[in-house]
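Right, one structure below, let's go through it.
Proteins get letters first, then strands, A, B, ... in listed order; numbering begins at 1 in each. Just so you know, these numbers come straight off a predicted model, no measurement behind them.
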Amino acid sequence: MYGSGILKGLGVTFRHLITTFIDDIQWLGRKRDVEVFQQKQSLANRGLVTVEYPEEKLAVPERFRFTPFLITYNQDDPDYPGKDWCTSCGICAKVCPPQCIWIVRGTDPKTGRPKPEPEQFYIDIDICMNCGYCAEYCPFDAIKMDHNYELASYDRTSTHIHDKARLSREIRYWQSIAPTIAAEEEAARGGYDHTDVQKARKKAGLEPSRPDPLKVKPAEPEPAPVAVAVAEAPAAAPQAEAPKAEAAPAASAAPAAPSSAAADGETPPHPGWIKRGKRWIDPNAKVEPVRRKGKSE
Amino acid sequence: MTNGEINLRDLQHPDIPVPEEMQSNIAVTSLSSLYNWARSRSIWPMLFGLACCAIEMIATAASRFDLARFGMEVMRASPRQADLMIVSGTVTKKMIVPIVRLYNQMPEPKYVLAMGACASGGGPFKEGYNVVSGIDKYVPVDVYVPGCPPTPQALLYGLIALQKKIERQSLGVGASVPWYGGGPSEEVPVPILGPDIVDPRHAELLRKEAQKNRVTPTVAEMLAESAQPESA
Amino acid sequence: MTDQVLPQVTDLPSTVAALKERFPNAVKDDTRSGYQGVIVDPAHLTEFARVIRDEFGFNYLSSVTAVDYLGHGDHLEVVYHAYRVPSGGKPLVFKAQTDRNDAVVPSLVSIYPGADFQEREAYDLYGIHFVGHPNLKRILLWEGFEGYPMRKDYHEAYYEQETKPFDSRWPGGHVFRAEEYNPFGHNVRYPAGFTLDDYKPVAEEQLQQGMALGVDIMGDPAFRTDRLIVNLGPHHPSTHGVFRMMVALTGETIESLEPVMGYLHRNHEKIGERNTWYGNMPFTDRLDYICSMANNLAYAITVEQMMGNQVSVPYRAEVIRVLMAELTRITNHLWAIGFLLNDLGAFFTPALYAIQTREYILDFFEATAGSRMMCNYMRIGGVAKDLMARIRSEAALINDKVRDMDTMEYLDKLINDRLPRSIDELDELLSESEIIKSRCIGVGLLPAEMAIAYSASGPLLRASGVPYDIRRADPYSIYPELEFDICTRPNGDIYDRYYLRLDEMRQSVRILKQILPRLKDTQGQPIFGGKTSYSIKVPAGEAYGHAENPKGELGFYCVSTGGGNPWRYHVRAPSFINLTPLGEMCKGQKVADVVAILGSIDIVLGETDR
Ligand code: SF4
Ligand code: SF4
Ligand code: SF4
C-alpha cells in the first residue's frame with residue numbers, strides 16, 4: 001500500500017516519543033539522581049539521553065586528554081616540596097607534532113652548566129592539538145594530559161600561552177583525576193618518587209623511594225583551577241595569570257617593553273625594533289586581535 | 001540559571017530590595033538587565049561548520065548535549081537571522097573572504113565564538129601557507145574555546161561564558177558595544193585574494209613594505225635577523 | 001571495459017617484462033633502492049596508459065601525484081598507481097619525470113577520467129603542466145596565488161626550518177608567536193614590491209570563465225529559458241562543510257556543474273613533509289575527522305610497509321585495529337545516512353537518532369584512546385595502549401559510576417545489542433519510506449564503467465555493482481581470516497548508496513562479532529612490536545599503502561630519504577577523488593537533487609581539501 005513505508009517510519013518516531021515520556025514518568029522527582037543519570041547514559045537506555053550540562057556533567061574517562069600540564073611534588077611534601085618533575089630533557093618539545101612546546105633549560109647560576117630543571121616551560125594552547133604525545137613519550141612522567149576542559153576565555157593574547165606557573169600541578173591532582181593510571185605509573189617507576197630522586201636517594205644510601213606521603217597523611221585534593229571564572233570580571237583572571245614582564249609571551253606586553261633595548265645600549269637590527277627576552281621583534285607587527293569599537297568591557 | 005529556565009531572582013537588581021516572599025513574583029530590574037537577560041537566552045547561532053570542530057558542534061546540538069536548553073536550538077543558515085557565529089574549525093585564506101562577508105551580513109547585536117585551537121590561533125595547521133592564524137585577525141571575537149576539538153561540554157561552557165558576557169553589557173552612550181549606543185559599527189573590509197590574502201586595512205603598510213623591495217621575509221629569516229646584533 | 005579479453009600475463013613481474021618489450025626505449029625499471037615500478041618516457045605516456053588499460057586490464061587509476069626531487073636529481077616526478085578492478089592485486093606503478101623549470105607531462109584524463117582532479121592538484125601545488133587536460137586550473141588554491149607551494153624550495157610565511165623538531169623550541173625555548181615575526185602580523189607573504197594600488201584580483205573571474213555551459217538549447221524557439229549560473233556554497237546548509245558548486249542551469253535542469261574546493265585546504269601534505277614520521281599520526285586524525293581510527297590504520301600500514309622487518313605487528317594489535325576500524329565504519333555510515341536524510345529534507349530527526357548511537361561508540365573511543373574524535377591511537381608497529389580493563393570515569397566528579405563497566409561487557413552489549421538495534425531502527429524508519437524512494441531511486445546514476453573510469457571507490461563504487469573492496473582485493477591486517485561479504489547494489493543511484501551503507505554496517509557488525517572472541521583469547525598479549533623511541537628513521541624508498549576506509553580507498557604515498565621525516569607524504573583521499581564524477585552524475589538532474597547526490601557520495605572536507 002502506498003504510504004505504508006511512511007507510516008512505518010512515523011511509528012519509529014512515535015515510539016521514541018513514547019519512550020521518553022515513559023522514562024520521565026518513571027524517574028519523576030529523581031531528575032538529578034546519579035542512578036538515574038547512569039541509567040540514562042547506559043547502553044540499555046531507550047529514552048532520554050540528555051546530559052544537562054552544567055548541572056550534570058558527563059564524567060570523562062581517565063585516559064581523556066585535553067591540554068597538557070606539568071607535575072610537581074606536592075607543596076606539603078616533607079622532603080621535596082613543590083619540586084618539578086620535569087628534567088627539561090626536551091623530548092616532549094621534540095616529539096610535539098605542531099611544535100607548541102617551548103622549554104628554556106635551566107642553568108646552574110654558579111657553574112653555568114645546564115641543570116635538569118626547566119627555567120621556563122611554555123605551551124601555546126592555540127596550537128596544541130591535544131594529541132598526548134608529550135605525555136606518552138616523557139620518560140619521567142612529568143607531563144600529563146589534563147581533564148579540565150572548561151577553559152573558555154575572553155582574551156587569548158594574555159592567557160593562551162600557558163607558562164610554567166600555569167602548567168604546574170601537584171602530583172596529587174594527577175592521582176585524583178587518573179587514579180588507576182597514576183598507580184600503574186608508580187609501579188613502573190618502582191615507587192612513588194621521581195626516578196631521578198630515586199637514584200639520588202640510592203646514592204645517598206637512603207631507601208630509593210618513600211611511600212606516598214599522602215597515603216600516610218591524607219590531604220584534600222587541590223581543586224582544578226579554571227581559566228576564567230565566568231562569574232567574575234573577565235579582566236581579573238588574565239591579570240592574575242600574566243607572566244613576568246620580562247618573559248611575557250603575549251604580544252600585549254610588547255608595546256610596553258621598548259625602553260629596555262635602549263638602556264642596554266644594543267642596536268636593533270631594524271630601526272624601531274624592540275627587544276623581548278633574547279630576541280628582537282617588530283612592534284608594528286599586529287598581533288593584537290581586532291576588537292570592537294566602544295569602551296573596553 | 002545557566003539554562004533557559006526563567007528565574008526572576010536572576011533579574012533582581014541588587015540595590016533595590018523586594019520582600020523575600022514576593023521575590024518569585026516581582027523583580028525590579030534595570031532596562032539593561034532585562035534586555036540582556038532576554039538576549040542571552042535566545043542566541044541563535046549560524047549553521048556554519050568549517051572543519052573537525054563543526055562535528056563536535058553538531059554533536060552539541062544533538063540530543064545528548066542539546067543546545068535547545070539554552071535557547072540556541074534554532075541554527076539559522078542565513079546570516080541575516082543569526083546572532084552568533086560559531087567559527088568551528090580551521091579558517092583558510094580562501095574561506096576568510098566568505099566569512100567576513102557573512103559577518104558583515106549579520107544584524108547587530110552579533111557575537112563571535114572561536115571554537116577550537118584553529119579558530120583561536122591557527123591550531124596545529126598554523127604554519128600552513130593557506131591558513132589564517134586566528135579568526136580574530138579579521139573579526140572581533142567574544143569568546144575563545146580552546147581544545148582540539150573542544151568536547152561538547154567545553155563548547156557549552158564557552159556558550160555559557162558568552163551568556164555571562166552579554167549579561168554584563170550596558171545600554172546607552174559609552175556602552176561597551178557599538179549597537180548599545182556607542183555609535184555605528186563599521187563593516188569589516190573584505191579581504192582580497194591576491195598573490196596571498198590581502199587585508200585592505202594593510203594598504204598603507206603594504207606601500208611601506210614595497211619600498212624595501214623584497215619578498216616578505218619568513219619567520220626563519222626574521223629570526224636570523226633578530227638574532228644578529230646579539231652575536232655581534 | 002570489463003568484458004575486455006585480458007591477456008595471459010596477470011602477475012606483475014611478467015606484466016612489466018611484457019611492457020618493456022612493448023616499449024623498448026620508453027619504459028625502464030625504476031632501479032633506485034626501495035623503489036618499485038617503471039619509469040616511462042613522457043613522450044610515450046599516453047600510449048603506455050592506453051596499452052595497460054586496454055591490453056593488460058589496469059582499468060583503475062587509483063592515485064596520481066607528484067614528487068619534487070630537489071637535491072636528489074633535481075626533477076619533478078609524476079607517480080601513477082593503477083589497479084585491476086574488480087579482480088584486485090598489487091598496483092602497477094609508473095612514473096614520468098620532467099624538468100623542474102619546464103614541467104610538462106601529457107595528461108591522462110582522456111584515458112582515465114579519474115585523473116582529472118588529481119592532475120589539477122599536481123598543477124596547482126607543483127606547477128606541472130598537463131598537456132591536453134581539458135580544464136587545467138588551480139583547484140585547491142585560487143588563481144593568482146603566487147608560487148607552487150608543494151615544491152621544496154617554496155617557503156611559506158611562517159616557515160621556520162626545513163624539518164621538525166625546530167631548534168628554537170629547546171633548550172633556549174623563548175616563546176614567541178609566529179605573527180610577531182611577520183611584518184604584517186599575519187600569515188602572509190607577498191612578492192617584492194607588491195601593493196594594492198592598482199592590483200586586480202583574478203580569482204573569481206577565472207572561475208566563471210572556465211565554466212562549461214553545456215549544449216545550447218536556447219536555439220529552440222518554442223521553449224525559451226535563460227541560462228543561469230547558480231552558486232551553491234561555500235556557506236550552504238547542506239554542502240557538508242565548506243564546499244562550493246557552480247551550477248549552470250537551464251530552468252531547473254543542470255547543464256553543468258563545477259565543484260570549487262580548497263576552502264579547507266590546510267596544507268596537510270606540506271606540514272606532513274616537515275613533521276616526523278610519528279608526528280603525522282595525529283594529523284591523519286584530522287583528514288577524515290569522522291573516521292580518525294581508520295585513517296590512523298592506513299598510515300600505520302604504509303609506514304610499516306616501508307620499515308619492512310624492523311617492525312612486526314602483534315596479533316592482538318591487529319585484532320584491536322580491526323575492532324576500531326569497523327566501529328569507525330559504523331559511525332561513519334550512521335553519520336552519512338543521517339546527513340543524507342538531512343539533505344533530502346528530513347531535517348534532523350534521522351540524524352539525531354544516528355548521532356545518538358554514534359555517541360556510544362565515541363564513548364568507547366574516548367575511554368580507550370583518550371579523545372572522542374581525534375583518537376591518535378595506532379602506532380607504527382601496533383597500537384598505543386591496550387583496552388582499559390574497565391570503562392571508567394574520572395573519580396573526582398560526582399557521577400563517578402557512570403559507565404563503570406567491564407570493557408568486554410560494554411563491547412559485548414554494544415555489538416550484540418545496541419548497534420544491530422539501531423541499524424534495524426534506521427532501516428525501519430527510512431528504507432521503505434515512499435518519499436525517500438521517490439527522491440532517490442533513479443537519481444544521480446553512476447554506471448559501473450563510469451565509476452571505474454572515474455576512479456570512484458568505496459560505497460560509491462560498490463553501489464554501482466562493482467565488487468571491489470580493498471579488504472579483499474589487497475588484504476591487510478587480519479581481514480583474510482574474517483568472514484564477511486562485499487556488499488554491492490546493482491543500480492548506482494542514491495537509494496542504492498544509502499542501502500549499501502546499511503548493508504555494510506550489518507557486515508561490520510558481523511566482523512565485530514568475530515572480533516570479540518579473538519579479543520578475549522588474546523587478553524594480556526603484547527600490543528606493540530615497533531620501535532619505542534620517540535623518533536624513528538625510515539629506510540629510503542617509497543611505499544603506497546591503502547586501506548578500505550568507510551568513504552573509500554584511503555591511500556598514503558610516502559617517500560623516505562632515510563631520515564626522520566618523510567620526503568614526500570601524499571594522501572590519496574577518497575572524498576576528493578569521489579567528487580570527480582559529481583559533474584557527470586548531476587548533468588540533466590534537477591537542481592534540488594544536487595545536494596542529495598552530494599550527500600550520497602559522502603564527503604568530508606578535511607579529506608577533500610586536506
Ligand atoms: S619530556 Fe618530560 S622531562 Fe623531558 S622536558 Fe618534557 S616534560 Fe620535561
Ligand atoms: S598534546 Fe600534542 S600538541 Fe599538545 S603539547 Fe603535547 S605533544 Fe604538543
Ligand atoms: S581545532 Fe583541531 S579539531 Fe578543531 S578544526 Fe582545528 S584541527 Fe580540527
| task | Please determine, among C:E359, C:Q356, C:E146, the option with the most heavy-atom pairs under 4.5 Å with chain B. | result | C:E359

| task | Nearest 0.5 Å please: distance from the CD atom of C:E180 over to the CE atom of B:M222. | result | 10.5 Å

| Would B:L193 and C:F145 count as a side-chain contact (heavy atoms from CB on, under 4.5 Å) if you check the C-alpha gap in whole Å, the side-chain angles of each, and the deciding distance to 0.1 Å? | CA-CA 8 Å; B:L193 290 175; C:F145 185 85; over 6 Å; no

| Derivation and outcome, side-chain contact (heavy atoms from CB on, under 4.5 Å), residues B:I55 and C:I290 | CA-CA 8 Å; B:I55 307 295; C:I290 299 174; 4.0 Å; yes

| request: To the nearest 0.5 Å, tell me how far C:F184 CZ sits from B:E209 CD. | output: 4.5 Å

| field | Residue selection (most heavy-atom pairs with chain B, distance under 4.5 Å) from C:L352, C:L264, C:D609 | value | C:L264

| query | So, does B:K93 use its side chain to make a donor-acceptor pair with the main chain of C:N187 at under 3.5 Å? | reply | yes

| Say you draw a straight line from CG of B:L205 to OG1 of C:T195; how long is it, rounded to the nearest 0.5 Å? | 12.5 Å

| said: Please classify the contact between B:M46 and chain C as side chain, backbone, both or neither, with a heavy-atom cut-off of under 4.5 Å. | reply: side chain

| remark: Taking every heavy atom of C:G193 against every heavy atom of B:N213, the minimum-distance pair comes out as N-OD1, 3.8 Å

| query | B:C148 and C:M374: which non-hydrogen atoms are nearest, and at how many Å? | reply | O-CG, 4.0 Å

| field | From CA spacing to verdict: side-chain contact (heavy atoms from CB on, under 4.5 Å), C:L141, B:K94 | value | CA-CA 7 Å; C:L141 293 162; B:K94 215 170 168 177; 6.0 Å; no

| request: Sort C:Y353 into side chain, backbone, both or neither according to what part of it lies under 4.5 angstrom from a heavy atom of chain B. | output: neither

| query | Are the side chain of B:D196 and the backbone of C:R189 linked by a donor-acceptor contact shorter than 3.5 Å? | reply | yes

| request: Could you have a look at B:I99, B:V91, B:N130, B:T92 and say which one has the most heavy-atom pairs with chain C under 4.5 angstrom? | output: B:N130

| Picking from C:G606, C:A178, C:G147, which has the most non-hydrogen pairs under 4.5 angstrom with chain B? | C:A178

| field | Residue among B:A203, B:P124, B:G49 with most heavy-atom pairs under 4.5 Å to chain C | value | B:P124

| request: Go through the atoms of B:L102 and report whether side chain, backbone, both or neither lie under 4.5 Å from a heavy atom of chain C. | output: side chain

| field | From NE2 (C:H186) to CG (B:D199), nearest 0.5 Å | value | 5.5 Å

| field | Residue B:I192 versus chain C: region with a heavy atom under 4.5 Å | value | side chain

| field | Heavy-atom pair of closest approach, residues C:G185 and B:K137 | value | O-CE, 3.0 Å

| task | Indicate whether the side chain of B:Y129 and that of C:H265 have a donor and an acceptor atom separated by less than 3.5 Å. | result | yes

| field | Residue part contacting chain B, namely of C:I355, when any heavy atom lies under 4.5 Å | value | side chain

| note | Value for NZ (C:K270) from CZ (B:F125), rounded to nearest 0.5 Å, stands at 15.5 Å

| request: Sort out for me which of B:V215, B:T90, B:V132, B:T216 touches chain C most, counting heavy-atom pairs under 4.5 Å. | output: B:T216

| Hey, is the main chain of B:A54 close enough, under 3.5 Å, to the side chain of C:Y289 for a donor-acceptor pair? | no

| Any side-chain heavy-atom pair from B:P152 and C:R372 closer than 4.5 angstrom? | yes

| task | Determine the option with the most heavy-atom pairs under 4.5 angstrom with chain C, choosing from B:A59, B:S63, B:A61, B:G134. | result | B:S63

| query | Side chain, backbone, both or neither: which part of B:E221 has an atom under 4.5 Å from a heavy atom of chain C? | reply | side chain

| request: Using non-hydrogen atoms and a 4.5 Å limit, figure out which bit of B:P217 sits close to chain C: side chain, backbone, both or neither. | output: both

| task | For the pair B:E127 and C:R266, find out whether any cationic side-chain nitrogen is under 4.0 Å from an anionic carboxylate oxygen. | result | no

| task | Quick one: closest heavy-atom pair of C:P183 and B:R214, and the distance? | result | CG-NH2, 4.4 Å

| said: With no hydrogens and no angle check, just 3.5 Å: does a side-chain donor-acceptor pair link C:Y158 and B:S133? | reply: yes

| request: Show the numbers, then the answer: is there a side-chain contact (heavy atoms from CB on, under 4.5 Å) between B:T218 and C:Y181? | output: CA-CA 8 Å; B:T218 62; C:Y181 288 91; over 6 Å; no

| query | Got a second to check how far C:L605's CG is from B:L50's CG, nearest 0.5 Å? | reply | 9.5 Å

| request: Heavy atoms only: give me the nearest C:Y263-B:P98 pair and the separation to one decimal. | output: CE2-CG, 4.4 Å

